[in-house]
Amino acid sequence: QIQLKSNQTLYLAEGAVVYSCVSAKDATNIRILGRGILDNSHNHEKILFEVEEDPEALAKHEAIRNAKRQYTVELEYCENIRIDGITIRDSLVYNIRPVACRDVKISHVKVIGCWRYNSDGFDMHNCENVTIENCFLRTYDDCICVKGFDCYYTGDIAQMVREAMQRNGRVYDTFRHVRVRNCVLWNDWGKCLEIGAETKAEEMCDVIFEDCDVIHTTHTVLDCMNVDYADVHGVTFEDIRCEYTKYQLPDTYQHDMTAPFAPAAPVRHPFLLAAPILRSGLFAKDGLNGCIHDITFRNIQILTDADDLPKPAVWIVGVDEAHNVKDMTVDGIYRDGVKLEKDEIEWNVNEFVSDIQFI
């Protein structure tokens with residue numbers, strides 16, 4: 001474990017392979033630089049209690065909390081962070097996890113070798129002023145996520161979250177000002193560019209994902225999911241290129257590195273766009289829900305290798321009149337350079353969605 005303090009730089013020289021996790025808390029002016037490799041393959045979870053072994057076990061509430069796991073890079077309540085140039089390999093859980101951080105820039109970072117469940121790429125919680133650019137990520141779970149506080153606490157979760165949102169005289173109850181651009185993403189199980197699923201924040205806004213290439217995914221390409229209570233708005237997905245293939249692999253839990261991926265028949269392609277509000281027993285323990293509004297999907301390009309692939313699918317749902325999805329613009333979905341009409345898209349929308357403008 002490498003613990004960084006204020007005004008410290010961790011430099012991974014070209015050719016270096018460092019077997020370690022990196023963390024910092026209440027620090028300013030942190031740098032993680034170089035062209036070396038941060039290798040997390042020696043990091044293993046400490047099992048706290050056994051859970052039932054079945055195909056759904058990993059999704060169960062107790063399976064999330066049954067072990068202690070270390071993130072490869074975890075930065076909490078830090079300010080002025082720069083991570084540039086490094087490669088992260090074989091992460092146990094999230095590769096980079098900023099929590100309640102401000103002024104974060106991640107660039108030219110490569111993420112590879114992720115096969116373990118929850119080995120997300122960059123998952124951020126209630127941060128402010130974040131820039132992610134020129135990165136390559138191949139992850140087993142979600143690639144880049146803008147999240148509220150998570151719920152992996154014991155006891156009174158709502159009280160624990162309230163306490164976590166206040167530190168050093170500051171309140172960390174919002175997530176705003178995010179730019180993710182010019183990244184290449186390969187996802188083997190989860191979602192590529194995402195808001196949520198955890199959204200324990202008062203407000204999550206001013207988020208732009210732009211000019212990115214999604215070369216593989218399974219669940220959802222572009223996702224704005226709200227399972228807690230945040231007011232999610234002012235989110236733009238723009239100039240995104242994604243590949244759909246007739247050789248789509250299934251979304252399969254991989255319990256070890258030798259597990260094969262059998263071909264799926266018929267091929268199930270991921271949702272292209274999604275904006276669901278959900279009542280989730282796993283995350284939203286307080287039973288509250290938020291809303292989603294003022295969301296834009298613009299110039300979304302699908303690249304295919306066959307003429308008989310299914311229609312691209314969209315999933316947009318609210319939970320009731322007070323917790324709904326509204327004021328959404330879908331401005332240009334293209335398949336192999338040809339703009340699609342509305343009836344050339346599979347729409348999965350419920351009665352708690354309004355004011356979708358399709359251009």
Side-chain angles (χ1 to χ4, degrees), residues 75-77 94 96-104 106 120-132 142-152 157-158 161-162 164-167 170-181 190-210 212 220-238 240 273-280 282-298 315-319 322-329 352-353:
L75 308 168
E76 301 177 279
Y77 307 101
Y94 302 172
I96 299 178
R97 183 181 188 251
V99 179
C101 292
R102 298 186 178 185
D103 300 323
V104 179
I106 302 172
D120 296 32
F122 309 151
D123 284 14
M124 305 157 285
H125 304 260
N126 286 14
C127 295
E128 191 169 328
N129 298 330
V130 177
T131 300
I132 298 171
D142 307 328
C143 287
I144 300 177
C145 295
V146 173
K147 296 178 178 288
F149 272 86
D150 59 31
C151 66
Y152 304 129
I157 294 173
V161 169
R162 285 193 294 270
M165 285 183 177
Q166 300 186 40
R167 189 174 179 87
R170 289 185 172 181
V171 178
Y172 299 92
D173 62 354
T174 61
F175 202 139
R176 59 165 68 97
H177 310 322
V178 182
R179 300 293 182 269
V180 178
R181 54 181 173 245
K191 302 164 185 177
C192 279
L193 297 172
E194 182 179 18
I195 306 291
E198 303 93 325
T199 50
K200 290 184 183 295
E202 293 302 316
E203 185 181 29
M204 301 175 71
C205 63
D206 188 21
V207 179
I208 298 177
F209 300 99
E210 61 182 341
C212 291
T220 307
V221 180
L222 309 175
D223 192 27
C224 184
M225 177 180 286
N226 191 344
V227 304
D228 289 305
Y229 53 82
D231 176 9
V232 178
H233 64 97
V235 179
T236 299
F237 299 87
E238 183 171 16
I240 309 296
L273 317 175
I277 301 174
L278 302 176
R279 287 201 168 111
S280 167
L282 179 60
F283 299 117
K285 288 299 178 184
D286 45 25
L288 300 176
N289 275 109
C291 57
I292 298 174
H293 59 99
D294 298 301
I295 310 298
T296 299
F297 298 93
R298 180 181 295 115
W315 180 39
I316 308 171
V317 296
V319 295
H323 308 96
N324 59 9
V325 182
K326 63 181 181 180
D327 299 329
M328 176 181 294
T329 300
F352 304 118
V353 176

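In this chain, residues are counted from 1 in sequence order.
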Partner residues of Asp120 under the side chain to side chain donor-acceptor pair (under 3.5 Å) criterion, sequence neighbours left out | none
With side chains defined as the heavy atoms from C-beta onward, is the minimum distance between Met204 and Asn226 less than 4.5 Å?
-> no
Rounded to the nearest 0.5 angstrom, the CD1-CE distance for Ile195 and Met225 is 11.5 Å
To the nearest 0.5 Å, how far apart are CZ in Phe175 and NE2 in His125?
-> 8.5 Å
Salt bridge (charged side-chain N to carboxylate O under 4.0 Å, His left out) partners for Glu76, two or more places apart | none
Side chain to side chain donor-acceptor pair (under 3.5 Å) filter on Asn129, not counting sequence neighbours, yields Asp103
What do you reckon, are the aromatic ring centroids of Tyr77 and Tyr172 less than 6.0 Å apart?
-> yes
Sort out for me which residue in Leu273, Val235, Thr329 forms a side chain to side chain contact (heavy atoms under 4.5 Å, CB included) with Phe297.
-> Leu273
Check: Ile316 and Met328 side chains under 4.5 Å, non-hydrogen atoms = yes
Quick one: side chain to side chain donor-acceptor pair (under 3.5 Å) partners of Asp223, sequence neighbours excluded?
-> Lys191
Is there side-chain contact between Ile144 and Met124, with heavy atoms separated by less than 4.5 Å?
-> yes
Using salt bridge (charged side-chain N to carboxylate O under 4.0 Å, His left out) as the criterion, list what pairs up with Arg102, not counting sequence neighbours.
-> none
Any residue meeting side chain to side chain donor-acceptor pair (under 3.5 Å) with Glu210, in chain and number order, not counting sequence neighbours | none
Derivation of the side chain to side chain contact (heavy atoms under 4.5 Å, CB included) call for Asn126 and Met165 | CA-CA 9 Å; Asn126 286 14; Met165 285 183 177; 3.8 Å; yes
